[in-house]
Amino acid sequence: MTDYKSTLNLPKTAFPMKANLAQREPETLKKWQSANLYQQIQDASEGRDPFILHDGPPYANGDIHIGHSVNKILKDIILKSKRLSGYAAPYVPGWDCHGLPIEHNVEKKIGKAGSKVPYEKFRAKCREYAQKQVNGQREDFIRLGVFGDWENPYLTMNYEFEADIIRSLGRITENGHLVKGFKPVYWSVVGGSALAEAEVEYQDKTSTQIDVRFDVVDRDKFLGAFSADIGELPLSVVIWTTTPWTLPANQAVALNVDLPYSLVKFAGGKQGEEVILLATALIESVMSRYGVEGYEVLAETAGASLEGAALQHPFYSERQVNITMGDHVTTDAGTGAVHIAPDHGMDDFIVGQKYGIQTLNYVQADGTYSSEAPLVAGQHVYKVEESILALLEENHRLLAQDKLQHSFPHCWRTKTPLIFRATPQWFISMQENGLLDACKEAVKDVQWLPEWGQNRIEGMLEQSPDWCISRQRTWGVPVALFIHKETQALHPETSRLIEEVALRVEDKGMDAWFELDAAGMLGDDADLYEKVTDTLDVWFDSGVTHSAVLERGGVDVPADLYLEGSDQHRGWFQSSLKTSIAIRGKAPYKSVLTHGFVVDKDGKKMSKSIGNVMSPQKVMKTLGADIIRLWVAATDYRGEMTVSDEILKRTADSYRRIRNTARFLLANLEGFDPATDMLPASEMVALDRWAVGQSAKLQEEIQGLYDTYQFHGIYQKIHNFCALELGGFYLDVIKDRQYTAKADGQARRSAQTALFHIVEALARWIAPILSYTAEELWQHIPGSREDSVFLASWYDELTVLSSDTEMNDDYWATVLAVKTAVNKQLEVARKDGVVGGSLEAEVVLYCSTDLKSVLDQLQDELRFVLITSKVSVLDGASAPDNADETDVEGLRMLVAKSDNSKCERCWHHTEDVGSHEDHDTLCGRCVDNVEGDGERRLFA
RNA sequence: AUGCGAAUAGCUCAAUUGGUAGAGCGAUAAAAUGAUAAUUUAUUGGUCGGAGGUUCGAUUCCUCCUUUGCGAACCA
């Protein structure tokens with residue numbers, strides 16, 4: 001008895017089914033690193049068209065989270081696909097290294113700069129800390145399989161970079177966009193310093209809320225807006241405030257332009273009847289708050305009609321203030337009239353800017369009023385309340401008074417309530433030299449993906465105030481300017497001085513500025529000028545990477561692509577745009593792509609306190625980086641990106657499908673040498689040509705989807721291809737031929753040729769996404785090839801099946817529909833216990849004339865396509881009554897169990913089993929394959 | 001006063017100019033045991049976030065609402 005099983009060509013490969021990515025990926029990574037693969041790729045792509053994706057720098061603090069992973073992986077996918085398409089696509093990663101969070105962490109360790117630690121040492125420690133953070137994050141990015149020049153990233157704290165930041169400031173100054181101005185900032189009166197947003201925390205505070213009358217000065221004009229006659233009754237606009245100490249700085253009263261306002265007559269205080277202005281919507285609540293029961297609404301008008309009316313300041317008799325319009329005025333609380341002190345509120349400041357009202361600067365750094373402030377000079381804002389109330393009482397201006405508990409900003413260090421205080425700051429002006437208009441114009445020529453990105457950034461630009469770029473911090477690039485001690489004007493030779501400073505910073509880092517001896521640089525002028533000691537907003541640092549990285553690296557601006565999370569419309573996209581326009585008058589990018597944020601299974605944002613974060617490090621250690629990469633690719637990143645254990649599990653399932661498909665392709669290429677065994681298309685079995693044609697079509701689609709950054713479509717298509725066209729049809733059909741045909745016969749070589757083409761293509765399709773797996777696969781594909789899949793280009797040996805071909809795509813689509821119908825009937829027969837495996841079955845197909853002519857083309861090979869032992873194609877007219885209907889038009893059929901014996905070797909049930917005397921358990925086909933020339937196939 | 005988005009089967013995604021929704025995965029059942037912690041087959045999943053409106057007809061257009069993300073604001 002011969003061991004026929006040994007005569008089969010069963011699948012065999014060293015490519016393991018079990019991915020074991022957590023262990024295998026680091027090994028692959030080591031190979032990449034020791035081969036210096038990224039450098040090899042760059043060397044190989046010299047002279048090709050460049051594609052520049054400019055990296056937005058993550059902040060150098062903390063471990064990377066899943067959002068970082070998404071961003072870097074998307075960038076990596078794009079760049080790897082561009083390289084497959086023949087572009088030179090370098091990737092220079094960067095980090096944002098200055099700023100407050102780093103300062104705070106260092107402060108926690110070694111104490112405050114200037115008091116416990118000298119500034120210079122503090123900055124050195126910050127530098128050290130940032131570098132450590134960079135190193136940690138870098139390791140994880142590399143582990144994710146992201147290719148780039150990790151040895152030479154750009155760091156905003158590199159000396160050269162710091163110098164370029166200063167140069168950028170110089171160019172912006174030169175172009176007339178830098179102005180000095182005031183801005184209200186959070187101010188800690190105890191700490192005596194400005195605070196950044198991050199240093200603010202909200203606590204409950206009990207404030208005194210008061211209602212204050214502002215008498216109307218020009219009564220006739222005011223009343224004209226109402227056409228009301230109130231005789232000689234007192235007339236005032238009433239404001240409500242919780243910060244009485246800001247009243248000395250009051251310079252206006254704001255109404256809402258759209259709200260209706262009414263004149264209300266009632267008997268209020270000791271002075272008897274009076275008339276006040278209130279927002280109509282608030283009359284009831286205000287009157288009840290005042291405890292007034294009888295009142296009369298006299299007339300109504302729109303807020304807009306009162307603009308410009310003059311009012312009397314409640315206790316400065318010499319000061320009149322005007323009614324202004326403020327968007328921030330609402331009917332949520334108060335009276336509908338808001339007192340405006342541009343010194344002490346952002347909204348107030350904006351109103352002030354709009355109406356040309358300057359700040360007064362009454363409150364000093366320590367919280368006391370300056371000598372300029374009448375009546376309250378020398379008092380402290382924390383203790384002035386009683387004096388203010390007394391002044392109001394005295395002038396009969398206090399209408400109501402109460403306590404109010406509310407959430408209020410406090411200094412996170414001293415836990416004391418903060419005030420807003422206008423202080424001198426440096427701004428990049430949106431108006432001074434037409435920056436805003438130029439930005440808005442430039443936005444139109446940028447391609448925003450998705451399109452709504454344009455709306456978004458335009459909306460933000462529309463509301464963007466002058467950009468305050470100065471900070472009173474330690475770990476930041478200095479605003480390296482000299483200003484005149486008296487006039488505060490910039491030194492006339494600022495441009496030259498900036499370049500000199502930049503040269504020194506390039507050499508010694510930013511400390512060069514702080515150590516700089518002005519005399520050495522300014523000569524005789526030294527006494528007249530002082531160094532600015534402010535530092536730059538870190539958004540300025542990262543904003544000028546187009547200069548410090550691209551220009552510096554000899555790369556043309558604009559870059560082809562910026563790609564960041566949607567929050568960067570506010571951040572980096574905007575800071576980069578503004579600085580680039582201010583420097584060179586054009587946008588820094590040709591297109592801007594955004595991705596959403598990662599949320600949990602309920603669509604909620606991830607946060608440590610809720611405990612719903614997904615750690616990329618943990619996923620890499622369990623499922624592997626390729627699973628994260630596949631999840632990123634599979635998710636439509638234009639919206640929120642949902643991740644959960646279930647989703648990752650499903651992703652890992654899909655991964656296995658793709659991997660196993662690849663494995664099966666390889667396993668059937670055992671013994672195939674493309675150099676000698678490949679068949680030309682003309683000699684290939686029709687079905688094999690179809691399989692290659694399908695791949696060719698799919699490849700075109702995939703390339704299109706890579707070009708338009710629609711990776712989730714690629715994932716769907718590749719997965720469906722593996723599961724449907726290949727697993728569910730082609731591979732299932734050719735299994736018989738692969739296993740039972742003669743190893744080097746035409747029938748098998750034809751299929752192997754197809755499999756070889758497909759796996760060559762597949763490895764490239766998945767390479768940008770499943771980088772580790774693609775590389776692993778690459779090493780197992782027969783034939784000579786580049787050392788790495790990442791040194792290859794798209795596979796161009798796939799031949800599309802021409803529609804002129806007799807057995808074209810439409811033809812096989814019909815056959816496939818028939819196969820599906822047959823499968824259904826086989827399943828019925830299986831349920832009925834008629835057959836088990838499909839090879840036990842014989843089917844009779846009763847066809848319409850058209851269908852019959854289609855199926856007849858396959859001749860005897862139709863049974864291989866249907867994976868049954870026998871198929872009879874008969875005229876539909878001859879169908880017996882019991883023939884089953886199918887979903888296919890013109891097809892009825894019958895399934896029967898075969899009466900023939902089963903061939904021991906190929907498992908088909910045929911009449912000729914046992915007809916050969918030496919092989920009494922084999923069919924004729926197998927005999928030919930075992931000891932003859934091997935069968936020849938035409939169609940399947 | 002808030003600006004820009006998102007919401008389709010348990011999961012990931014589709015749905016061409018408005019014609020009562022499609023894939024794959026999963027789940028369930030079965031087959032085979034020559035892709036075997038794999039494969040094949042069949043079956044099962046949806047008031048297309050909710051309510052109105054326009055229309056002969058709406059997942060698709062309009063309005064409002066709900067939930068949710070990013071940004072802004074957090075308060076006079």
Side-chain angles (χ1 to χ4, degrees), chain A residues 5 8-13 17-18 202 209 239-243 246 254 256-259 326-335 337-341 344-348 406-409 450 452-460 462-463 565-571 594 596-599 601-605 631 634-636 638-642 644 646-651 653-654 656-657 660-661 663-668 712-713 715-717 719-720 722-724 727-728 731-732 735-736 738-740 820 823-824 826-828 830-831 835-840 867 905-907:
Chain A
K5 186 158 174 167
L8 296 168
N9 314 298
L10 293 179
K12 190 180 168 205
T13 178
M17 169 151 39
K18 194 154 184 249
Y202 286 82
Q209 53 165 327
I239 65 95
W240 173 75
T241 182
T242 57
T243 51
T246 60
N256 185 301
V257 72
D258 295 322
L259 285 179
D327 288 341
H328 64 292
V329 179
T330 67
T331 55
D332 293 348
T335 60
V338 176
H339 117 77
I340 298 295
H344 302 301
M346 200 55 221
D347 288 323
D348 303 47
H406 58 166
S407 168
F408 196 81
W452 50 257
Q454 182 171 347
N455 266 342
R456 189 157 186 193
I457 196 145
E458 281 176 346
M460 286 175 174
E462 203 58 59
Q463 309 185 20
S566 59
D567 58 332
Q568 299 303 332
H569 285 108
R570 188 49 159 191
T594 46
F597 275 62
V598 181
V599 295
K601 65 181 185 344
D602 301 315
K604 298 272 173 62
K605 71 165 109 186
W631 165 72
T635 307
D636 183 354
R638 290 170 299 188
E640 287 92 63
M641 303 178 70
T642 315
S644 68
E646 185 192 354
I647 290 168
L648 288 176
K649 187 172 179 295
R650 291 289 100 83
T651 307
D653 286 344
S654 312
R656 293 213 311 273
R657 180 60 188 223
N660 268 317
T661 302
R663 176 170 189 266
F664 188 67
L665 298 175
L666 288 179
N668 281 290
H712 62 286
Y715 159 81
Q716 301 266 342
K717 281 182 189 298
H719 190 264
N720 277 16
C722 289
L724 298 179
L731 297 180
D732 203 27
K735 258 193 257 183
D736 171 79
Q738 280 302 291
Y739 299 170
T740 67
T820 301
N823 280 339
K824 276 187 190 160
L826 285 173
E827 188 65 23
V828 171
R830 195 171 287 136
K831 278 238 156 66
V835 295
S838 64
L839 283 176
E840 282 179 30
I867 319 182
R905 184 166 175 277
C906 74
W907 296 345

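All values below were derived from every heavy atom in this structure, side-chain atoms included, with hydrogens, water molecules and symmetry-related copies excluded. In what follows, every chain begins at residue 1, and chains take the letters A, B, ... in the order their sequences are listed.
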Item checked: Contact state string [nucleotides 21-30 of chain B, B base, S sugar-phosphate only, - no protein heavy atom under 4.0 Å] -> --BSSS---S
With sugar-phosphate meaning primed atoms plus P, OP1 and OP2, does [X] contact a base, only sugar-phosphate, or nothing at under 4.0 Å between heavy atoms?
| X | result |
| --- | --- |
| A:Ala634 | sugar-phosphate |
| A:Thr594 | nothing |
| A:Trp240 | base |
| A:Ile647 | sugar-phosphate |
| A:Gly459 | nothing |
| A:Gly596 | nothing |
| A:Lys601 | nothing |
| A:Gly565 | nothing |
| A:Asn660 | base |
| A:Trp907 | base |
| A:Thr635 | sugar-phosphate |
| A:Phe664 | base |
| A:Ser838 | nothing |

Nearest non-hydrogen partners of [X] and [Y], listed with the distance:
| X | Y | answer |
| --- | --- | --- |
| A:Asp736 | A:Cys906 | OD1-O, 4.1 Å |
| A:Val835 | A:Leu826 | CG2-O, 4.2 Å |
| A:Trp631 | A:Thr642 | NE1-O, 3.0 Å |

To the nearest 0.5 Å, what is the distance between [atom1] ([X]) and [atom2] ([Y])?
| X | Y | atom1 | atom2 | answer |
| --- | --- | --- | --- | --- |
| A:Glu646 | A:Thr651 | CD | OG1 | 10.0 Å |
| A:Glu640 | A:Thr635 | CD | OG1 | 12.0 Å |
| A:Arg663 | A:Asn668 | CZ | CG | 10.5 Å |
| A:Tyr739 | A:Lys5 | OH | NZ | 11.0 Å |

Just the rounded figure in Å: distance from [atom2] of [N] to [atom1] of [X].
| X | N | atom1 | atom2 | answer |
| --- | --- | --- | --- | --- |
| A:Ile457 | B:rA72 | CD1 | P | 13 Å |
| A:His569 | B:rG5 | NE2 | C1' | 10 Å |
| A:Asp636 | B:rA15 | CG | P | 10 Å |
| A:Leu648 | B:rG10 | CG | P | 20 Å |
| A:Met641 | B:rA6 | CE | C1' | 14 Å |
| A:Asp732 | B:rG34 | CG | P | 14 Å |
| A:Ile340 | B:rC75 | CD1 | C1' | 12 Å |
| A:Leu665 | B:rA38 | CG | P | 17 Å |

When you compare [N] with [M], how far apart are their [atom1] atoms, in angstrom units rounded to a whole number?
| N | M | atom1 | result |
| --- | --- | --- | --- |
| B:rG52 | B:rG10 | C1' | 31 Å |
| B:rG24 | B:rG18 | P | 28 Å |
| B:rA76 | B:rC62 | C1' | 37 Å |
| B:rU63 | B:rU55 | C1' | 16 Å |
| B:rU33 | B:rU41 | C1' | 15 Å |
| B:rG19 | B:rC56 | C1' | 11 Å |
| B:rA35 | B:rA21 | C1' | 35 Å |
| B:rU66 | B:rA1 | P | 15 Å |

Margin query: With a 4.5 Å cut-off on side-chain heavy atoms, are A:Asn9 and A:Gln738 touching?
Written below: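 Result no, sub-4.5 Å side-chain heavy-atom pair not found.
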Next item on the list: Among A:Arg456, A:Met460, A:Glu462, A:Gln454, find the one that has a side-chain contact (heavy atoms from CB on, under 4.5 Å) with A:Glu458.
Entry: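 Exactly one candidate clears the test, A:Gln454.
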Check: In terms of side-chain geometry, is the basic nitrogen of A:Arg638 or A:Asp636 positioned less than 4.0 Å from the acidic oxygen of its partner?
Finding: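 Yes, A:Arg638 and A:Asp636 are salt-bridged.
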Checklist line | B:rG5 base / A:Glu640 side chain donor-acceptor hit below 3.5 Å | finding: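 Under the 3.5 Å cut-off, the side chain and the base do form a donor-acceptor pair.
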Notebook entry, point to check: With a 3.5 Å cut-off and just heavy-atom distances, do the side chain of A:Arg456 and the base of B:rC70 make a donor-acceptor pair?
Noted result: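 Flag set: donor-acceptor pair detected.
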Out of [options], whichever nucleotide has its closest atom nearest the side chain of [X]:
| X | options | answer |
| --- | --- | --- |
| A:Phe597 | B:rG5, B:rU43, B:rG69 | B:rG69 |
| A:Lys735 | B:rA76, B:rA35, B:rA42 | B:rA35 |
| A:Asp567 | B:rA35, B:rC70, B:rA76 | B:rC70 |
| A:Lys18 | B:rA37, B:rA42, B:rA35 | B:rA37 |
| A:Thr242 | B:rA42, B:rC70, B:rC75 | B:rC75 |

For [N], give the paired nucleotide (Watson-Crick: N1-N3 plus N6-O4 or O6-N4; G-U: N1-O2 and O6-N3; both under 3.5 Å), or none.
| N | value |
| --- | --- |
| B:rA35 | none |
| B:rU43 | B:rA27 |
| B:rC61 | B:rG53 |
| B:rG5 | B:rU68 |

Check: So, A:Arg657 side chain and A:His719 main chain: donor-acceptor pair closer than 3.5 Å or not?
Finding: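 No.
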Check: Would a distance-only check, ignoring hydrogens and angles, find a side-chain to backbone donor-acceptor pair under 3.5 Å from A:Asp732 to A:Gly728?
Finding: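 No.
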Note to self: Between A:Gln568 and A:Gln463, which residue's closest nucleotide on RNA chain B lies nearer the 5′ terminus?
What the structure shows: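 The 5'-side residue here is A:Gln463.
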Checklist line | Nearest-nucleotide 5' precedence on RNA chain B, A:Asp736 against A:Gly727 | finding: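 Closest to the 5' end, via its nearest nucleotide, is A:Asp736.
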Checklist line | Chi-angle category of B:rG45 [syn within 90° of 0, anti beyond] | finding: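 For B:rG45, whose glycosidic angle is within 90° of 0, the conformation is syn.
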Margin query: Please confirm whether the shortest side-chain N or O distance from A:Asn668 to OP1 or OP2 of B:rA35 is below 4.0 Å.
Written below: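 Indeed not, no polar side-chain atom of A:Asn668 lies that close.
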